Amino acid sequence: MAFPPDFLWGVSTSAYQIEGSPLADGAGPSNWHRFCRPGGAGAHLAPGGDVACDHYHRWREDIALMKELGFQSYRFSVSWSRVLPGGRGPVNPAGLDFYAKLVDGLLEAGIRPLITLFHWDLPAALEDRGGWLDPDLPGRFADYAHTVASALSDRVEMWSTLNEPWVVMHEGHLQGSHPPGHRDFRELPRVSHNLLLAHGLGVQACRAAGARTVGLVVNIEPKHPATDRPADVAAAARADAYMNRHYLDPVFFGRYPEEFPALFGEAWPAFPEADFRTIQEPIDYLGLNYYSRGITRHDPAVPFGQWSSVPHPSHLRTDMDWEVYPEGLTETLLWLQDRYGPIPVYVNENGAAFPDPATAPPGGVRDPLRVEYFRTHLQAVLSAMARGADVRGYSAWSLLDNFEWALGYAKRFGIVHVDYETLKRTPKASARFLSEVVRSNGQVLG
Ligand code: GBH
């Protein structure tokens with residue numbers, strides 16, 4: 001079993017995590033920019049993405065690096081507040097121009113640009129109006145999507161609306177670790193519904209602006225019960241509904257998982273039927289972000305949902321404390337085809353944080369655990385394809401070590417090392433490994 005000749009090999013990043021210069025050239029502040037400042041709920045993360053990898057100035061060097069490594073595609077996100085500083089209203093031409101130049105540079109280097117319109121950084125002005133709780137936000141997102149797609153759809157074929165709506169909802173409104181820093185489960189249904197409406201309207205807006213291929217990117221983690229006790233089995237089903245079926249059931253079936261009225265209780269609203277026609281707008285592909293699985297047990301001490309995760313006693317865990325579980329990627333790919341039918345899938349993120357030195361040693365950065373992570377997960381993709389999964393591409397997370405959100409710069413996901421003192425880029429052994437994978441179209445996996 002081999003990868004088909006047109007399999008698309010790439011790397012991923014996101015705007016706030018790598019760009020730096022968040023207010024340059026007329027950009028407005030984003031929610032993440034404000035979150036990480038003194039007085040913000042994430043002030044301990046200061047200076048946040050103020051410098052990050054300085055990709056805003058070093059993008060030419062980063063394109064050259066990807067070209068040298070042989071990648072065929074580059075998935076990045078556009079910062080809404082660069083393009084529309086106030087979230088709505090007048091366009092900031094310099095903001096749009098940054099991405100136009102990036103796209104042209106990529107095309108010149110023979111690398112296909114894949115654009116994500118929303119990878120978590122929201123214009124602060126829109127957060128002030130309620131953010132994802134604001135019923136107007138889906139419409140604002142569609143306007144923004146239309147603006148960007150109109151400018152770039154002549155050169156960019158593949159688009160995605162949202163990256164991981166689950167994280168926006170869960171971390172922003174239940175855990176409080178991302179902006180707006182709320183901890184109120186009663187907000188979750190409305191936040192999710194607005195994210196889904198934004199997605200549906202966003203697909204329509206992208207198409208109206210000439211985008212050919214439009215999809216949604218979700219994070220999926222198989223939820224395995226910790227024991228076969230009925231309480232644990234039921235807890236795993238609730239966790240699966242909450243994380244894995246939460247956005248895909250509405251998009252593909254026009255309804256929320258059947259567990260939700262009981263899960264949310266009195267906080268579960270009646271949504272207008274007509275909304276689901278927007279949400280069900282057909283998509284051209286599904287983007288899958290896969291990192292790990294969740295071993296789940298019933299846990300009455302957890303106020304919302306009554307489940308928690310238990311670590312596997314012996315499996316390796318990454319620096320994020322996530323279990324290394326490549327079988328879960330095969331399982332997820334097969335589950336997607338099985339539940340949602342024949343839809344092209346792109347693995348849009350997969351990768352691992354393991355500790356690397358702050359400064360690259362003269363001999364280069366050796367990251368054998370990350371290499372092994374990629375090798376086993378790519379083999380897992382192949383097994384799923386051998387069993388019928390329609391996987392069209394694979395994009396590693398991430399090109400560069402970068403700002404890992406609520407965990408700052410301590411966690412390194414890059415295949416290219418970044419020295420945060422000098423901003424020097426040094427490809428790690430994992431970058432060389434993936435480069436060989438691309439060049440041989442997977443033959444080196446054996
Ligand atoms: C992605 O999200 C993001 O798209 C990207 O920006 C980020 O840098 C990257 O991953 C690395 O974090 O241990 O029980 O809390 C990751 C989505 C969802 C994966 C939650 C891990 C943790 C389960 N994550 N999951 S738990």
Side-chain angles (χ1 to χ4, degrees), residues 11-19 30 32 45 48-49 52-53 55 75-79 114 116-122 160-179 195 216-224 226 235-236 238-240 242-244 246-247 287-297 299 302 304-305 307-312 315 317-325 328-329 332 346-354 370 373 377 395-416 418:
V11 269
S12 290
T13 64
S14 90
Y16 190 75
Q17 294 182 272
I18 65 163
E19 287 177 355
S30 72
W32 268 96
L45 298 168
C53 308
H55 172 77
R75 170 178 175 261
F76 62 94
S77 76
V78 169
S79 159
L114 316 182
T116 303
L117 286 161
F118 180 76
H119 198 130
W120 308 354
D121 51 330
L122 183 74
S160 63
T161 52
L162 312 177
N163 178 71
E164 301 185 351
W166 182 86
V167 171
V168 177
M169 168 205 69
H170 181 78
E171 301 296 340
H173 295 265
L174 185 66
Q175 298 293 88
S177 59
H178 290 191
L195 283 158
L216 172 69
V217 181
V218 290
N219 56 294
I220 303 287
E221 262 170 36
K223 297 295 183 185
H224 294 162
R238 290 196 300 280
D240 177 62
Y242 178 63
M243 186 188 276
N244 299 330
H246 199 143
Y247 302 93
L288 166 67
N289 294 354
Y290 177 84
Y291 289 90
S292 188
R293 71 164 162 179
I295 303 177
T296 310
R297 64 167 183 138
D299 186 347
V302 176
F304 172 73
W307 72 78
S308 60
S309 299
V310 285
H312 189 278
H315 286 179
R317 274 175 282 160
T318 70
D319 202 20
M320 302 290 278
D321 225 20
W322 301 343
E323 179 187 347
V324 177
Y325 188 68
L329 179 50
T332 298
Y346 288 81
V347 177
N348 265 343
E349 286 181 28
N350 177 237
F354 286 111
R370 194 175 285 104
Y373 184 97
H377 285 77
S395 197
W397 184 268
S398 180
L399 173 66
L400 302 168
D401 289 333
N402 61 47
F403 177 68
E404 179 49 32
W405 305 112
L407 296 171
Y409 294 95
K411 307 295 175 194
R412 292 177 179 268
F413 274 91
I415 60 168
V416 173
V418 176

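Not measured: the values here are computed from a predicted model. Indexing begins at 1, ligand by ligand and atom by atom, following the structure's order.
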query: Given His178 and Val168, is the side chain to side chain contact (heavy atoms under 4.5 Å, CB included) satisfied, shown in steps?
result: CA-CA 8 Å; His178 290 191; Val168 177; over 6 Å; no
statement: Among non-hydrogen protein atoms, atom 10 (O) of ligand 1 lies closest to Tyr291 OH, 3.1 Å
task: Just jot down the ligand 1 atoms closer than 4.0 angstrom to any heavy atom of Asn219, in number order.
output: 18 (C)
Ligand-side contact atoms (ligand 1) for residue partner Trp120, heavy atom cut-off under 4.0 Å: 2 (O), 3 (C), 4 (O)
message: Please list the nearest protein heavy atom to atom 23 (C) of ligand 1 with its residue and the distance rounded to 0.1 Å.
response: Glu221 OE2, 3.4 Å
task: Using atom types as modelled and distance alone, determine if a side-chain donor or acceptor of Asp401 lies under 3.5 Å from a backbone N or O of Gly414.
output: yes
query: What atoms in ligand 1 come closer than 4.0 Å to a heavy atom of Phe413?
result: 11 (C), 12 (O)
- prompt: Is it the case that Asn163 and Asn289 place a side-chain donor and acceptor less than 3.5 Å from each other?
  reply: yes
For Trp166, the ligand 1 atoms whose distance to one of its heavy atoms is below 4.0 Å: 18 (C), 20 (C)
field: Residue list, salt bridge (charged side-chain N to carboxylate O under 4.0 Å, His left out) with Arg238, at least two apart or on another chain
entry: none
message: If the cut-off is 4.0 Å to any non-hydrogen atom of His119, which atoms of ligand 1 fall inside it?
response: 3 (C), 4 (O), 5 (C), 6 (O)
Contacts of Asp121 that satisfy salt bridge (charged side-chain N to carboxylate O under 4.0 Å, His left out) - sequence neighbours left out: none
message: Return the closest protein heavy atom for atom 17 (C) of ligand 1 as residue, atom name and distance.
response: Glu164 OE1, 3.4 Å
Atom of Asn244, atom of Lys223 and distance for their closest heavy-atom approach: ND2-CG, 4.0 Å
message: Among all protein heavy atoms in this structure, tell me which lies nearest to atom 15 (O) of ligand 1, with the distance rounded to 0.1 Å.
response: Trp322 NE1, 4.9 Å
query: At a non-hydrogen distance cut-off of under 4.0 Å, which region of Gln17 contacts ligand 1 (side chain, backbone, both, or neither)?
result: side chain
query: So which heavy atom in the protein is nearest atom 14 (O) of ligand 1, and how far is it from that ligand atom?
result: Ser309 OG, 3.9 Å
statement: Looking only at heavy atoms, the pair that brings Ile220 and Tyr290 closest together is O-CD1, 3.6 Å
field: Ring centre gap for Tyr242 and Trp307 strictly below 6.0 Å
entry: yes
message: Please compare Glu404, Arg293, Glu349 and report which has the shortest non-hydrogen distance to atom 5 (C) of ligand 1.
response: Glu349
- prompt: Heavy atom under 4.0 Å from ligand 1: found in Asn163's side chain, backbone, both, or neither?
  reply: side chain
- prompt: Among side-chain atoms of Glu171 and Ser177, is any donor-acceptor pair under 3.5 angstrom?
  reply: yes
